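The first residue in the sequence is number 1, and the count goes up from there. Only a predicted model underlies this, so the values are computations on that prediction, with no experimental measurement involved.
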Amino acid sequence: MGIQIIRQSTAVGGLADRGAVPLSQPACRMGGIDVTIPGREACSTGIWECTPGRFQRQIPQGEVMHFLAGACSFTPDRGQALAICAGDTLFFSPDATGVWDVRETVRKVYVLV
């Protein structure tokens, strides 16, 4: 059984630059660390960071995320804006759509399912 640890994940450096979020206004920059779980290579997991801006969620998978830093909101296509900050955990169903509004650089741990 393998165990991977990322120490001090709220502040760890070395995130790979993932470029700009498509169609974000202003243009948000992304960075991250991908973590592969042996035996579950089809699952996408890791740490993701994003600078301020607005953009449409474009991920079709369900997602579990825990915010380590920052502040943002998510407005579902058919719903009210949800304020999100460090310490919050979210569970998105597959095909959840809406708009992210990142006000303060966010960092999260995520698992796509």
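- Under the side chain to side chain contact (heavy atoms under 4.5 Å, CB included) criterion, V35 pairs with Q4, I6, I33, T45, not counting sequence neighbours.
- Clustering of Ile, Leu, Val, Met, Phe, Trp and Tyr side chains at separations under 4.5 Å places F91 together with V64.
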What's the verdict on side chain to side chain contact (heavy atoms under 4.5 Å, CB included) for R54 and V99, showing C-alpha distance, side-chain angles and the deciding distance? CA-CA 7 Å; R54 277 177 67 88; V99 175; 3.5 Å; yes

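- For the residue pair R103 and P52, the shortest heavy atom distance occurs at O-CG, 3.8 Å.
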Sequence neighbours left out, cut at 3.5 Å: what donor-acceptor pairs do the side chains of residues 72-86 make with other protein atoms?
{"from": "D77", "atom 1": "OD2", "to": "T97", "atom 2": "OG1", "distance (Å)": "2.5"}

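- When the shell of 6.0 Å around CD of Q58 is examined, it contains more than 12 heavy atoms from other residues, nucleotides or ligands.
- Contacts classified as salt bridge (Lys or Arg N to Asp or Glu O under 4.0 Å) and involving residues 39-49 (residues at least two apart or in different chains) are given here: E49-R107.
- Not counting sequence neighbours, the partners of D95 by the side chain to side chain contact (heavy atoms under 4.5 Å, CB included) test are P60.
- S24 approaches C28 most closely through the heavy-atom pair OG-N, 2.8 Å.
- By the 30° and 60° cut-offs, the orientation of the rings of F92 relative to W100 is parallel.
- Residues satisfying the side chain to side chain contact (heavy atoms under 4.5 Å, CB included) test with V109, not counting sequence neighbours, are I47, L68.
- If you chain together ILVMFWY residues whose side-chain heavy atoms come under 4.5 Å of each other, V113 ends up grouped with V111.
- Applying the side-chain hydrogen bond (donor to acceptor under 3.5 Å, both in side chains) criterion to T105, with sequence neighbours excluded, gives no partner residue.
- Listed by chain and residue number, I59, L112 satisfy the side chain to side chain contact (heavy atoms under 4.5 Å, CB included) test with Q61 (two or more places apart in sequence, or in another chain).
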Extract all donor-acceptor atom pairs below 3.5 Å that involve side chains of residues 10-21 and protein atoms in other chains or at least two apart in sequence.
{"from": "D17", "atom 1": "OD1", "to": "G19", "atom 2": "N", "distance (Å)": "3.0"}
{"from": "D17", "atom 1": "OD1", "to": "R29", "atom 2": "NH2", "distance (Å)": "3.0"}
{"from": "D17", "atom 1": "OD2", "to": "R29", "atom 2": "NH2", "distance (Å)": "2.8"}
{"from": "R18", "atom 1": "NH2", "to": "D34", "atom 2": "OD1", "distance (Å)": "2.3"}
{"from": "R18", "atom 1": "NH2", "to": "D34", "atom 2": "OD2", "distance (Å)": "3.4"}

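- In this view, E63 and R57, K108 satisfy the salt bridge (Lys or Arg N to Asp or Glu O under 4.0 Å) rule, not counting sequence neighbours.
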